[in-house]
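A quick write-up on the structure given underneath.
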2 protein chains.
Amino acid sequence: MIAQHLSESTEMYLKAMAELSDHDNVVAIARLAERLSVTAVSANEMMRRLGEQGLVTHTPYKGVALTVKGREVACNVVRRQRLWECFLYDHLKIEWSQLYELACSLEHATAPEVTEALDLFLGHPKTCPRGNPIPDADGLFVPLSGIPLSEVEVGKTVRVLAVNATAKDVLKYLFERNLLPGHEVKVIEAAPLQGPLTLRLDGKNKDVALGLSLAEFVVVEENSNQ
Amino acid sequence: MIAQHLSESTEMYLKAMAELSDHDNVVAIARLAERLSVTAVSANEMMRRLGEQGLVTHTPYKGVALTVKGREVACNVVRRQRLWECFLYDHLKIEWSQLYELACSLEHATAPEVTEALDLFLGHPKTCPRGNPIPDADGLFVPLSGIPLSEVEVGKTVRVLAVNATAKDVLKYLFERNLLPGHEVKVIEAAPLQGPLTLRLDGKNKDVALGLSLAEFVVVEENSNQ
DNA sequence: GGGAATAATAAGGTCAACCATATATAAATT
DNA sequence: AATTTATATATGGTTGACCTTATTATTCCC
């Protein structure tokens, strides 16, 4: 199968689908539109086009899903994205909260030979600085087996596996509070009515309040200690 | 002056102008169109648009020239291009003849903070693997003081300073014949009627024939020995 | 079962960057 | 000076990816 060049727009839609799809792989077009900051009409049009290209399937009133071919492309886009994040962070010392955005521009301009040479240069990294797995050249990767911090029971202590946010301001906010892969978080309290969590980081004294919708972005390991 | 994002197309036009302009800085629109593989009509349209943005000036029937602002942008594009060439060659071990093309895609997707971090990472290189100078963050660089190999007198021995070609096949051809920066070339013979040059490389026995228009791409130092 | 919310489609518009064809104008050459 | 050649402009068309404003269809929930 010859990989003709797909537009930046196409790659962004496919990547967003891969990032948003859970269990059944289906994504509501409205969610996609939201993530990509376009109108629902535009997203619908795009889905028709991608459908014609055999990259997605659309079940009206249900949502869209990646085809095998679509998933292949999406994984490759994610691969490029996360490899660039590694490079920008480890070698260029770019600020953590800017990684996603800056790597995103580069990913669409990266030829296969550059992707593979970069992977080799970086020593075949398994995860990006945000903690997410990097698909290999065949699109394979070990999915994160964690749960959102928002679902952790009060009193438990867990370790952060990854941060799934993409927006720069959200990343900056989490970075400033040290909610980064590898850090330990104890859930001290969960305020009622979707109120914020109170967290204790790395056993330190100072506690941190975190809104529930922000806590959804933070993926932590499921099995806690004590 | 706030640097709003210019389109890839705009950057390519400005870069081509910087690469094609000689002495008086003026480029014929037909040359530009040729280099960018678009029709003269398209190039004319684009020059009107760039003129409105204050990036170029167009003197009808004479040609176009970069304004100060346009030159600033162009130098920055060239800077990004050549820094990426260094990275791709020195660190990713990408094939020499592919450097221009692959770096070209990346250059348009490179934010200022990445450019500067890359420059630092690379140790502020002065030239790219093709031998061309890399403008600094202010757009300053020492222009090459060389002449095309096509203009060297028969019998003289010169050193290659840079290769100005951009097309992959041309670069591959020159690479295979070792016409690379740093190598020594003796012009053995120049065939009449725009015929090819006969060259001796690095004092080796085997001679190389090179068409005149190809020899124009090879920039060599002016002052020869013997 | 009926209405509210959500989703899809239809119709028409914009914008950048291309294209072709035709005509007008300046420059260069004889 | 006249012709050829190069350059410029006018006109109209295309494509991808957006947009808005209806209108229609479906699903969900009381």
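Numbered from 1 within each chain, the chains take letters A, B, ... in sequence-line order. Every value quoted in this text rests on a predicted model; they were computed, and no experiment measured them.
Not counting sequence neighbours, the partners of A:Thr10 by the side chain to side chain contact (heavy atoms under 4.5 Å, CB included) test are A:Leu6, A:Ser7, A:Leu14, A:Met46, A:Leu50, A:Leu55. For A:Glu52, the side-chain hydrogen bond (donor to acceptor under 3.5 Å, both in side chains) criterion is met by A:Arg48, not counting sequence neighbours. Under the side-chain hydrogen bond (donor to acceptor under 3.5 Å, both in side chains) criterion, A:Asn132 pairs with A:Arg130, A:Asn164, not counting sequence neighbours. Not counting sequence neighbours, A:Thr115 has no partner by the side-chain hydrogen bond (donor to acceptor under 3.5 Å, both in side chains) test.
Comparing B:Thr59 and A:Met46, the nucleotide of DNA chain D nearest to each residue sits closer to the 5' end for B:Thr59.
Atom pair A:Ile29:CD1 and D:dC18:P shows a separation of 14 Å (rounding to whole Å applied). One interatomic measurement links the two molecules: CE of A:Met47 to P of D:dA17, which rounds to 11 Å at whole-angstrom precision. Note: CG (B:Asn44) to C1' (C:dT25) measures 13 Å, nearest angstrom. Atom OH in B:Tyr13 sits about 14 Å away from atom P in C:dA16, given to the nearest Å. The nearest whole Å value for the distance from the CE atom in B:Met12 to the P atom in C:dC18 is 10 Å. Atom CG in B:Leu6 sits about 15 Å away from atom C1' in C:dA17, given to the nearest Å. Put simply, CG on A:Leu32 is 15 Å from P on D:dA17, counting in whole angstrom units. The CD-C1' distance, from B:Glu34 to D:dA6, rounds to 14 Å in whole Å.
For the residue pair B:Gln98/B:Lys168, the side-chain donor-acceptor check at 3.5 Å is not satisfied.
Here B:Ala30 lies in heavy-atom contact (under 4.0 Å) with sugar-phosphate atoms only.
Within the structure, a side-chain polar atom (N or O) of B:Ser9 is placed less than 4.0 Å from OP1 or OP2 of C:dC18. Look at A:His58 and you won't find any side-chain N or O under 4.0 angstrom from OP1 or OP2 of C:dA7. Taking side-chain N and O atoms only, B:Arg49 has a distance below 4.0 Å to OP1 or OP2 of C:dA17.
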Run the side-chain donor-acceptor check on residues 137-148 of chain B: report pairs under 3.5 Å with partners two or more places apart or on a different chain.
none

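Annotation for B:Glu176: atom CD counts as buried by contact number, over 12 foreign heavy atoms lying within 6.0 Å.
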Under 3.5 Å, which N/O atoms of the protein pair with N/O atoms of nucleotides 20-27 of chain D?
unit_1	atom_1	unit_2	atom_2	d
D:dA25	N3	A:Tyr61	OH	3.4

